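A, B, ... follow the sequence lines: proteins, then strands. Residue 1 opens every chain. Remember, predicted model here, so these are calculated numbers, not experimental data.
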There are 2 protein chains.
Amino acid sequence: MKDGPNIATLAALIGDPARANILTALMSGKALTASELAHEAGVTAQTASSHLRKLEDGALIARRQQGRHRYFTLAGDEVARALEGLMGLAATQGQLRTRTGPKDQALRTARVCYNHMAGEMGVRLYRAMQDRGTFRTTHSGLDLTPEGYDFVRDLGLDPDGLPPSRAPLCRECLDWSMRQSHLAGRLGRALLSRFEDLGWVARVPDSRILRVSRRGEKEFGRILG
Amino acid sequence: MKDGPNIATLAALIGDPARANILTALMSGKALTASELAHEAGVTAQTASSHLRKLEDGALIARRQQGRHRYFTLAGDEVARALEGLMGLAATQGQLRTRTGPKDQALRTARVCYNHMAGEMGVRLYRAMQDRGTFRTTHSGLDLTPEGYDFVRDLGLDPDGLPPSRAPLCRECLDWSMRQSHLAGRLGRALLSRFEDLGWVARVPDSRILRVSRRGEKEFGRILG
DNA sequence: TTCATGCTTCGACGCTAATCGAAGCATTGC
DNA sequence: GCAATGCTTCGATTAGCGTCGAAGCATGAA
């Protein structure tokens, strides 16, 4: 048999604890330096350097030199999606790192998934948008209806004016904590960015947790009906 | 940081070549014996036994004793989905096992993805169904429209009479070769089964390849317009 | 230039885990 | 009961890889 793509080397690459920690840290969407990642992974700089090299060779992360720092990010959307997939499976098996502490609860409420919003807030928002007829499925994927355009414009975003990229405008992303989809794609990214600008949510430093402000609570409550 | 589920142990479990081969073989959806899997993985029976034990402890596969044979299957939908996700990422990186040989081509045309149809045929079918307005998105996921019910009934299936399970009726599954979605879920499973009964497609032994019969070509051509 | 910072390379150590031969249990068939 | 088949357990070997100390190399600051 041995059909299909070779997943062994890829999975082995993710399968080391230090590298998994690095990748998880990069799921915040931020670019982090080698030293920061070494600290996240709990290993020395030398060891981290070796891991980063392997991850880069495996095309899971990308590097960007800036001065004497080297910033690393996930190589792309595809990588983030596969990682979220693994997290989803791990979560169903109770393989949670922390035994549902307060931090875990905060993660489930709202968090960053690479560059869009995930967790309960993300899923509820996506559901509310669906119930308003924001989306339609076409053969090329998820698309905005005219009502959807209005909804997005009301939030102060122009769907046609988003920064172009290879990624689709709308895409579903399976949420590991909710076991339902939330919104990803260029629109998902733009929405999170917009919510931050509006001060509805704020990133907690050194974490993927999103803190929802009082104002955010109110505004989301209005949108979610 | 160290937020979220522990993906390292899970990925490490998948990351061994022998175990990856075993899991890939089980993606055919069939239940295979320990000896068959040992052969697929290219290791001796003892080694395979050790791997199977680990996979079972990791809740990736399930065993079923039958006489003096032990049959193994994937533990569920979730596992198949995560594996397909990894294959998707691996495929984008050109990590194909066989360098696009004839076998690879056949896999891309039509194959089994756990229990539903994937590859070009699967994606084209799903697209055609979408263009006919077969589906609508609700907050609980993908659902059939009245037109969708008619479409499925015309194929000789009763959507309400499908075998019950925890899995949703309709679900998207990202196709690693096409980079687009095909249909999974209980309906996806029922459709593949129906196509086999009708003789439109047939499984190639010891492989995930689906061979489309002449009659199948004609009928699919009719459906796909 | 000189020093400090950030990262990488080299080399050596240690440990985990994959592998298989041989033996041990079950289950089935005769 | 006895032999054959299918699978697992045990034990020993081996190879690979993660790890870190020490040194090397850039870049930027003083």
Closest nucleotide among D:dG6, C:dG6, D:dG18 to the B:H69 side chain: D:dG6
What is the separation between atom CG on A:L55 and atom P on C:dT8, rounded to the nearest whole Å? 12 Å
Roughly how many Å is it from CG in B:N21 to C1' in C:dT19, rounded to a whole number? 15 Å
Out of C:dG6, C:dA18, D:dT19, minimum distance to the side chain of A:R68 belongs to C:dG6
Take the protein atom CG of B:L52 and the nucleotide atom C1' of D:dG6, then report the distance between them rounded to whole Å. 13 Å
Would you indicate, yes or no, if D:dT19 has its OP1 or OP2 atom less than 4.0 angstrom from a side-chain nitrogen or oxygen of A:T44? no
Given atom CG of B:L32 and atom P of D:dG6, what is their separation to the nearest angstrom? 15 Å
Any A:H51 side-chain N or O less than 4.0 Å from OP1/OP2 of D:dC17: no
Take the protein atom CG of B:D57 and the nucleotide atom P of C:dA17, then report the distance between them rounded to whole Å. 13 Å
With nearest nucleotides of DNA chain D determined for A:Q46 and A:Q66 from heavy-atom distances, which residue corresponds to the more 5′ nucleotide? A:Q46
Both conditions, 6.0 Å and 45 degrees, for the charged tip of A:R194 above the ring of A:W200: are they met here? no
B:R53 CZ to D:dT9 C1': how many Å, rounded? 9 Å
Check the side chains of A:E196 and A:S193 for a donor-acceptor pair under 3.5 angstrom, ignoring hydrogens and angles. no
Considering only D:dT19, D:dT8, C:dT8, which nucleotide approaches the side chain of B:F72 most closely? D:dT8
Regarding B:E172 and B:Y126, do their side chains bring together a donor and an acceptor under 3.5 Å, going by distance alone? yes
Separation of D:dC20 P from A:D16 CG (nearest whole Å): 11 Å
Using the side-chain heavy atoms of A:R70, tell me which of these nucleotides is nearest: C:dT8, C:dT9, C:dT27. C:dT8
Do you see a donor-acceptor pair shorter than 3.5 Å between the side chains of A:R111 and A:S177? yes
Is any side-chain N or O of B:T47 closer than 4.0 Å to OP1 or OP2 of C:dC20? yes
Contact class for B:A45 (heavy atom, under 4.0 Å): base, sugar-phosphate, or nothing? base
Rounding to a whole Å, what distance do you find between B:E56:CD and D:dT9:P? 11 Å
Look at the side-chain N and O atoms of B:K54 and state whether any lies under 4.0 Å from the OP1 or OP2 oxygen of C:dA18. yes
Output side-chain donor-acceptor pairs under 3.5 Å for residues 113-120 of chain A, partner residues at least two apart or in another chain, one line each.
{"unit_1": "A:H116", "atom_1": "ND1", "unit_2": "A:C113", "atom_2": "O", "d": "3.1"}
{"unit_1": "A:H116", "atom_1": "NE2", "unit_2": "A:C113", "atom_2": "O", "d": "3.4"}
{"unit_1": "A:H116", "atom_1": "NE2", "unit_2": "A:H182", "atom_2": "NE2", "d": "3.3"}

